[in-house]
Every structure is written in C-alpha cells, then in structure tokens.
Amino acid sequence: MSKRDFKPRVKLENPKESLFRLMSFIFEDYKWHCLVVFILIIISSMANVAGMNFIKTLVDDYIAPLVGSTNPDFSNLLKALMTIALIYATGILSNFGFNKILVSISQGTLKNIRDRLFEHMEKLPIKYFDTHVHGDIMSIYTNDTDTLRQMISQSMPQFISSAITIIGVFFSMCMISIPLTVLVLLMVVIIKQVSGKIVANSGKYFVLQQQNIGKVNGYIEEMMSGQKVIKVFTHEREAIDEFDKLNNELNNASYNANKYANIMMPIMGNLGYLNYVLCAIVGGLIAIYTDSLTIGGLAAFLQLNRSFSQPINQISQQLNSVIMALAGANRIFGLLDEKVEVDDGKVTLVNVTMNDGELIETDKRTGMWAWKHIHEDGSITLVKLEGDVRFDHVDFGYNENKIILHDINMFAKPGQKIAFVGATGAGKTTITNLINRFYDIQKGMITYDGIDIKLIKKDDLRRSLGIVLQDTHLFTGTIMDNIRYGNLEASDEEVIKAAKLANAHDFIKHMPEGYNTVLTNDGASLSSGQRQLLSIARAALSNPPVLILDEATSSIDTRTEAIVQSGMDKLMEGRTVFVIAHRLSTIQNSDVIMVLDKGEIIERGDHDSLLNERGTYYKLYTGALELD
C-alpha cells in the first residue's frame, strides 16, 4: 500500500478531558512549582513586549534628536540603552528560571506517572494480561510517557508565553497604529485557517502513530521470546514479512504525521514574512503621508508584528506535539482506568499457636496457620488451615456467554493428592486458576476449609497456595534471590534447606558463584530441569498447605524427571496437592484421579479402580487413546 493510499482510521478522543486530567495530575505534586513558572513566564513575556515598545521611545526621543546634531550628547542614549538592556536581562533570567524548574516538573511528573502505572498494573486481574499484548503495555511506559515530556517542558510553557505575548503585543500595536493592527489581524485569520487544516490532518496520523508503535513493540517482544520456535520451524521469512507489514503501517502513519508537521513551519514562516512586508509597505506610506505614525513607531510596530506572528506560528507548531502527547495520555489514562481486581474478602490468614487445644493468634512465624474471620458482632473465629478444598456445582466461562466448566463437583481432603487428566482444553488448568481466584465462577461455590473463597482476601488465599508451573519464570538476580521469592523473610539457611528438599542444592553448588550466581534472561543459562528445581525450591520455601503442580515435568527428559519428581514428592508430603500431568506415570499414586472432557468430569477414582473400569483413563494408560 502506498503512502498516498494510506487513510487514517482513528481520531483523538476526549482531548479536553485528557488535558485537564493531565494538568490536575501535574498540579497534584507541583502546584507551587507551576505557580512560580507561570509568574516567571509572565515576567519573561512582558519584558520582551516592554523591550519592543521601548524601541519607539529609543528612536523618537534619543536617536532622532541626535541626527544632524553638531555636538551630539550620547549620555541620555547610553542611559536608554542601559534601560533596554536591563529589561531584556530580566526576561532572560526569567526564561532561564522557568525552564530550569520545568525540568524538575516534567521529569518528576513522568516518574510519578510510571510509578502510578506500575502500582495500578500490579492490581489488575490476570484477565487483563491475557487479553493485551505485553509489548503494547510496555509502549505505554516508554513511548507514551515520553511524549508527555516535550508537552510539559516545551509545548505548555510555549502556549502560555505565546498567549501572554500575543495579548501584550496586540494592545501595544493598537496604541501605535489601528490601521496596521487591522491589517495584521486579517493576516492572522488567514494563518489560522491554513494552520487549522494542517493540524487537523497531522493530528489523525499522530494518534495512529502512537497505536502502531505499541503494535510494533508488542510484535518485537513476542518474536524475541519465540526465537527458538521461529528457528526450529524456519519461519524467519514469515516473521520478517509480518514485521515489515506492521513496520510499514507505522512508517505510513509517521510519514503522514510528520509530512503535515514539517510543512507547517515553512508555510507559517512565509505567511509571517508576507505579513511583515505588507505592514512595512503600508506603514511606510502612512509615515510618509500622514503624521499619525513616526519612524520610531513604525520600527516598533514592525518588531511587534514579528513578535505577534511568531507566537502564533509557535503555537501552530506545538499543536502537533500536544496532539501526540494527548494521544499518549489517552493510552496512559486508559490503562489507569482499567478496573482493578475486586477483593471483597474479610477472612485473613494469621499465624497461630496451639494452647490447651485452643488456637491463639501470634505475630511470630510458627508454621501453623489459621483463617481469621471477624464477624459483624465483633466476635472472632479462628479456623485452622488444613487444606480442605471443595467444588460444589461449579460452572465457569472466561466469557459469560460461553461456559467451559459444567457442574464441577469434587473435594480434596487435607493431605490428599488429586490428579487431573484430559485432553488440551478439557479444563484442567482452569480449575486450578479458580482455586487461586484468578477468575471468579458464574455458578456454584468453592470452599477452602469450609469457607467460601470469595470471603477470603485474595492475597491471603494465594499466600496459602504454592504453584509449580510447566513454564518456570526466573527473575534477574541471584539464585538465592529467586528461591527467596517464595518467602522474602527467609534466611539464607532456610533457602538452602528448601533447595536441598527440592534436589536443587547439588547443581547450585557447582555453579560459578553458587547461590550468588546471577541469572539473566529468565534463567536461559540453566536447563529446563534446573529451572524447574528452582521453582520447586521456591514453592518449598513458601511452605504452602495446598500445592498446585501444572504439568511441572512435561518439558524435561526422563532422567531429569526422576530427580524433579523426587523433589516434588518431598514437597508434597503432608500437603493437599492438585496435579495436572500428561505423563500418567507421575500420578499413579494419586488418591483420586479425575478425567475431564469438554469441561466435565467424566471419570474419577484411584489408578487401579479406573483401570478396572476400562473407560477413558484405561485407554489413555494403555495407549489406545492419546492425550493431545
């Protein structure tokens, strides 16, 4: 598609609302800074206008009398020049002052915005990240926030300065010559019409440019994380072609946006020169043939004319930056307006001790936990955390119009190992996501130790659950730090104990720096098995009563699986465990195995009883039916 054929498909929504919201955001922390900046801008602008007005006095009262004088006295002229120098020096110092303060305002505001974005993002539900491209979210933190920098530090003060200058210059021109002022206003109308059309066209493309930057960033991030898959299937050409397509859309939007932005300056500049020339010609004729305009007045007016047209040009040029910044602000506020995860829970998780058979709350870490429920009458109930999880006629769908789990009934008694088996998409992982309350059910009830999980605060609920996923995520930092992520208060000795429990200690001590070895790029220097062992150690350190293992050994070889399985067996002792596994050999010792199909539990029982039924599980185990 050629640049000529490219058509904008979006427009900037609610620019006034975004602008007022951004201003309130700035004033929240920098109200007095902004007041000082405003005062300094007024001083700077008025000093500039006063300097131009003084030209008339300088020419008519100090320079003209000296022309033709046989004994000129330059003392008064020198004083006048000192006066005008003082005026301009005041303007220069004020300009320097407000620009220096604006650096603090702009950078501080961007920091606050990023802080607020990240804090808000951490409160968003998992559903948001499942439905938004991560690179597009990253673009909000980088490109969109950076567009605000120029607007805050340059465009906004330029608008204020230009507006004050235009008002001051306008009244000064009226005092010198009404006819010339009318001529200038006619030219301003022409300039406004031309600039309005240019800005209207460039604004559409600047909005589209910001959106396309997010798409390109998202695609790049996806391709970086999927390089191995791309190379395995030799899809480099397809990846390049798709990137070219997205990059072409960005290029087209940027081309059109900057095309209109770049022609703004020469057009406005030439119209300004035309305005100046017309005023010089008409003003010269008025000065020659009438007594209403002096030479000094004409010189001052021409200088004021340039200062009248220049701010208008500057405002026109800054409009593009403002439009692009408001487009970025729209995306920023869009993220900030995303609904956070709702938590109506009142039941909390507390440390307890046992005294004469009675649970007593304590601030010390005892390894024994209880659910603390404060009732409306002020009474407190402590229920020991056992790990009893039950599903009672649960229906669920990621979309309310499409239910994917149907009438799920199951229970896991404390210490039991429950396994889920079924084809991809049967609903195995979805069930574990519901236990974590990553999503809320449409019908039925899920209880934890007899308490509806909707009554439990989400942080406390998730703190009681440990999870080991197939895809282990390791953070940039030392091995010690990555394991300690399971319990930030754990000592080094506790971390090492957890690593030994997970069978990770042996390979860690052979690393270059042992537990202080720094991992980067999601632990790319480690094997899948080693990464999984660290994940198990992390879960062990959190010491959860309920454990979720989501295909934790499906991506590692048989020999490594034996080591990992041994670590998991130690971790599972005495805990309620939910296991999702493709390898049926890893779940034969489960207390209950549940076979799911299309969101329904079609078989349940232990390994031997299910084999005797000769149903779906039997076919899966004997190879008559394959898991996909």
Side-chain angles (χ1 to χ4, degrees), residues 341-394 409-418 432 434-437 440-441 444-468 484-491 493-495 497-498 500-502 537-549 568-579 590-592:
E341 200 171 21
V342 178
D343 189 358
D344 299 325
K346 299 179 181 179
V347 178
T348 57
L349 189 63
V350 296
N351 286 287
V352 292
T353 58
M354 187 73 73
N355 188 3
D356 294 331
E358 182 181 357
L359 294 175
I360 300 175
E361 183 180 352
T362 177
D363 293 332
K364 297 181 180 179
R365 189 178 178 89
T366 62
M368 184 182 297
W369 302 87
W371 301 110
K372 179 181 179 181
H373 193 174
I374 302 177
H375 301 281
E376 293 182 0
D377 60 1
S379 61
I380 297 176
T381 301
L382 292 177
V383 178
K384 187 178 180 182
L385 197 164
E386 299 281 3
D388 185 296
V389 179
R390 298 172 184 264
F391 279 58
D392 184 16
H393 298 287
V394 169
N409 288 282
M410 68 174 212
F411 62 87
K413 295 180 180 179
Q416 278 192 326
K417 180 179 179 181
I418 310 296
T432 59
L434 297 182
I435 298 173
N436 279 288
R437 272 199 81 190
D440 284 327
I441 59 178
M445 180 186 295
I446 303 175
T447 61
Y448 193 159
D449 291 328
I451 304 170
D452 188 340
I453 62 171
K454 291 182 178 180
L455 298 176
I456 303 174
K457 282 190 171 294
K458 288 184 177 179
D459 285 349
D460 293 88
L461 171 66
R462 292 164 186 169
R463 192 148 51 98
S464 72
L465 302 170
I467 186 166
V468 180
R484 187 178 278 122
Y485 203 80
N487 176 16
L488 298 179
E489 299 177 357
S491 64
E493 291 74 18
E494 289 174 319
V495 171
K497 182 179 179 181
K500 289 179 177 178
L501 176 67
R538 180 190 293 170
L541 190 63
S542 67
N543 193 29
V546 176
L547 186 64
I548 298 171
L549 305 175
M568 288 196 298
D569 287 341
K570 297 176 185 176
L571 179 60
M572 289 187 287
E573 289 180 6
R575 308 178 196 276
T576 304
V577 182
F578 295 95
V579 182
S590 299
D591 296 293
V592 179

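Below, each value reflects all heavy atoms present in this structure, side chains not excepted, and no hydrogens, waters or symmetry copies. Numbers here are sequence positions counted from 1.
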Query raised in the report: Using 4.0 Å as the upper bound for N to carboxylate O, is an ion pair formed by Lys457 and Glu341?
Result: no

Query raised in the report: Taking only residues two or more places apart in sequence, or in another chain, which ones meet Lys500 in a side-chain contact (heavy atoms from CB on, under 4.5 Å)?
Result: Ile496, His505

Report task. Could you please spell out the steps behind the side chain to side chain contact (heavy atoms under 4.5 Å, CB included) verdict for Ile453 and Leu455? Result -> CA-CA 5 Å; Ile453 62 171; Leu455 298 176; over 6 Å; no

Query - From OG (Ser542) to CG (Leu488), nearest 0.5 Å - result: 11.0 Å

Report task. Look at the side chain of Arg575 and the backbone N and O of Leu547, then say whether any donor-acceptor pair between them is shorter than 3.5 Å. Result -> no

Query raised in the report: For Arg437, what residues pass the salt bridge (charged side-chain N to carboxylate O under 4.0 Å, His left out) criterion, not counting sequence neighbours?
Result: Asp440

**Report entry** Separation between OG1 of Thr432 and CG of Leu465, rounded to the nearest 0.5 Å
**Finding:** 10.0 Å

Query raised in the report: Considering residues, nucleotides and ligands other than Lys497, do more than 12 of their heavy atoms fall under 6.0 Å from its NZ?
Result: no

Query raised in the report: Passes side chain to side chain contact (heavy atoms under 4.5 Å, CB included), Ile548 versus Asn436? Steps please.
Result: CA-CA 10 Å; Ile548 298 171; Asn436 279 288; 3.5 Å; yes

Report task. Not counting sequence neighbours, which residues clear side chain to side chain donor-acceptor pair (under 3.5 Å) with Thr348? List them please. Result -> none

**Report entry** pair Lys384-Leu359: side-chain heavy atoms closer than 4.5 Å
**Finding:** yes

Requested in this report: Enumerate the residue pairs fulfilling salt bridge (charged side-chain N to carboxylate O under 4.0 Å, His left out) with a member in residues 342-364, sequence neighbours excluded, ordered by first and then second residue.
Outcome: Glu361-Lys372

Report summary line: The single option from Leu461, Thr576, Ile467 that satisfies side-chain contact (heavy atoms from CB on, under 4.5 Å) with Val546 is Thr576

Report task. Mind checking side-chain contact (heavy atoms from CB on, under 4.5 Å) for Asn355 and listing every partner two or more places apart, or none if nothing turns up? Result -> Ile360

Report summary line: In this structure, CG of Leu541 is separated from CG of Asn487 (nearest 0.5 Å) by 5.0 Å

Query raised in the report: If you measure from OG on Ser464 to CD1 on Ile435, what distance do you get to the nearest 0.5 Å?
Result: 10.0 Å

Query - Worked verdict on Ile418 versus Val579 for side chain to side chain contact (heavy atoms under 4.5 Å, CB included) - result: CA-CA 6 Å; Ile418 310 296; Val579 182; over 6 Å; no

Query raised in the report: Is any side-chain heavy atom of Asp452 closer than 4.5 Å to a side-chain heavy atom of Ile446?
Result: no

Can I get a per-line list of side-chain donor-acceptor pairs under 3.5 Å for residues 385-393, giving both atom names and the distance, sequence neighbours left out?
unit_1: Asp388; atom_1: OD1; unit_2: Arg390; atom_2: NE; d: 2.8
unit_1: Asp388; atom_1: OD2; unit_2: Arg390; atom_2: NH2; d: 3.2
unit_1: His393; atom_1: ND1; unit_2: Asp407; atom_2: OD1; d: 2.7
unit_1: His393; atom_1: ND1; unit_2: Asn409; atom_2: ND2; d: 3.3

Requested in this report: Search all heavy atoms of Pro544 against all heavy atoms of Ala539 and return the closest pair with its distance.
Outcome: CD-O, 3.1 Å

Query raised in the report: How would you list, by chain and number, every residue that makes a side-chain contact (heavy atoms from CB on, under 4.5 Å) with Asp591, sequence neighbours excluded?
Result: Gln416, Lys417

Report task. Please identify each residue that fulfils salt bridge (charged side-chain N to carboxylate O under 4.0 Å, His left out) with Arg484, with sequence neighbours left out. Result -> Asp481, Asp492

Query raised in the report: Under 4.5 Å between any side-chain heavy atoms of Asp460 and Val347, yes or no?
Result: no

Query raised in the report: Taking side chain as C-beta onward, heavy atoms only, is His375 less than 4.5 Å from Thr381?
Result: yes

Report task. Provide the closest heavy-atom pair for Leu549 versus Val577 in the form atom of the first, atom of the second, distance. Result -> CD1-CG1, 4.1 Å

Query raised in the report: Taking only residues two or more places apart in sequence or in another chain, which ones pass ring-ring contact (aromatic ring centres under 6.0 Å, His included) with Trp371?
Result: Tyr448

**Report entry** Partners meeting salt bridge (charged side-chain N to carboxylate O under 4.0 Å, His left out) with Lys454 (sequence neighbours left out)
**Finding:** none

